[in-house]
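Encoded as structure tokens, the structure appears first; notes follow it.
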Amino acid sequence: MPELPEVETVRRGLEPAMEGARFVKVEARRPDLRWPLPKDFSRRIEGLVVTGLGRRGKYLLADLSSGDVLLMHLGMSGSFRVAVNGGETTPAEFHHERSNDFGHDHVVFHMSSGATITFNDPRRFGFMKLVPRHDLDRDPLMRSLGPEPLGNAFDAALLANACAGKKTSLKAALLDQKVVAGLGNIYVCEALHRARLSPKRRASTIASRNGAGNERAERLVEAVRAVLNDAIKQGGSSLRDHRQTTGELGYFQHHFRVYDREGARCPTKGCGGTVKRIVQSGRSTFFCPACQK
Ligand SMILES: [Zn+2]
């Protein structure tokens with residue numbers, strides 16, 4: 001599933017084609033993705049201008065000139081293609097597989113910028129939704145989201161406060177979108193490794209007795225930010241020269257320290273440990289038992 005860095009890279013790829021542009025024609029080739037598309041979807045957004053393209057957690061938020069926000073989620077397998085002047089790009093190299101089957105092109109935006117933006121999603125866990133801007137914070141998808149990990153508000157105190165009293169593992173806490181928005185399995189594993197914290201550690205142990213953030217919380221916040229910023233940088237750099245890499249796997253993989261690297265030598269300097277895979281809540285966790293405590 002795409003995580004924050006992929007979604008942010010997609011946002012940056014779509015921005016020049018969408019921001020300030022009008023929807024000239026919108027093709028909804030099927031009535032539903034994960035959920036039904038909004039009623040009269042095409043008719044409701046044709047003619048509107050995208051005044052801004054933002055992101056919250058793993059959601060893309062296109063502000064429309066009507067005062068609505070077009071909320072888009074990539075689900076498990078969703079991706080966008082941007083065709084302009086005969087060339088086509090696919091923003092962001094994803095870890096997950098992307099389809100090159102045009103039969104899964106479900107929604108097509110023809111923009112006044114000259115760009116054609118196609119949403120492809122074989123498994124159809126993605127979705128699009130229209131929400132009035134003034135109701136956005138109250139939307140069920142938005143209102144429970146925790147802080148943006150790259151935002152100013154996210155710090156050790158906030159993270160520790162969210163984890164204080166939690167009996168779950170640190171890994172489970174970081175995957176909880178109420179604790180922090182946008183992290184998934186990959187970047188949680190990577191951040192915990194960077195912070196040298198065990199994914200099995202109790203979440204509450206990053207808070208001191210009075211609920212304030214301790215030194216572990218400081219380390220973890222720093223690691224989360226670093227991991228995300230690095231991944232965005234990698235994704236961004238692939239935008240320039242990149243054409244239709246549909247289905248290609250593993251760009252970020254080269255940059256993973258532990259994720260999907262079971263049996264590999266731990267990359268922490270002087271550690272000498274071996275990356276281990278365990279299963280937590282039904283999902284793989286990769287970590288180094290030697291340096292992650
Ligand atoms: Zn190690």
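Every heavy atom of this structure was used, including side-chain atoms; hydrogens, water molecules and symmetry mates were not. We count ligands from 1, going down the list as the structure has it; atoms in each ligand are counted the same way.
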(message) Around the Zn ion (ligand 1), how many protein N, O or S atoms are found at less than 2.8 Å?
(response) 4

(message) salt bridge (Lys or Arg N to Asp or Glu O under 4.0 Å) for Arg34 and Asp121? Distances and angles first, verdict last.
(response) CA-CA 10 Å; Arg34 175 162 162 191; Asp121 188 2; over 6 Å; no

(request) Could you please spell out the steps behind the ring-ring contact (aromatic ring centres under 6.0 Å, His included) verdict for Phe127 and His73? (result) CA-CA 5 Å; Phe127 57 86; His73 193 277; 5.2 Å; yes

(request) Could you tell me whether Arg257 and Glu190 have a side-chain N and a carboxylate O separated by less than 4.0 Å? (result) no

(request) Give the C-alpha distance, both sets of side-chain angles, the deciding distance and a yes or no for side chain to side chain contact (heavy atoms under 4.5 Å, CB included) between Phe23 and His110. (result) CA-CA 6 Å; Phe23 291 97; His110 300 272; over 6 Å; no

(message) Quick test of your reading of the model: are Asp139 and Lys129 salt-bridged, counting only N-O distances below 4.0 Å?
(response) yes

(request) Return the set of residues passing salt bridge (charged side-chain N to carboxylate O under 4.0 Å, His left out) with Arg123 (not counting sequence neighbours), or none when no residue passes. (result) none

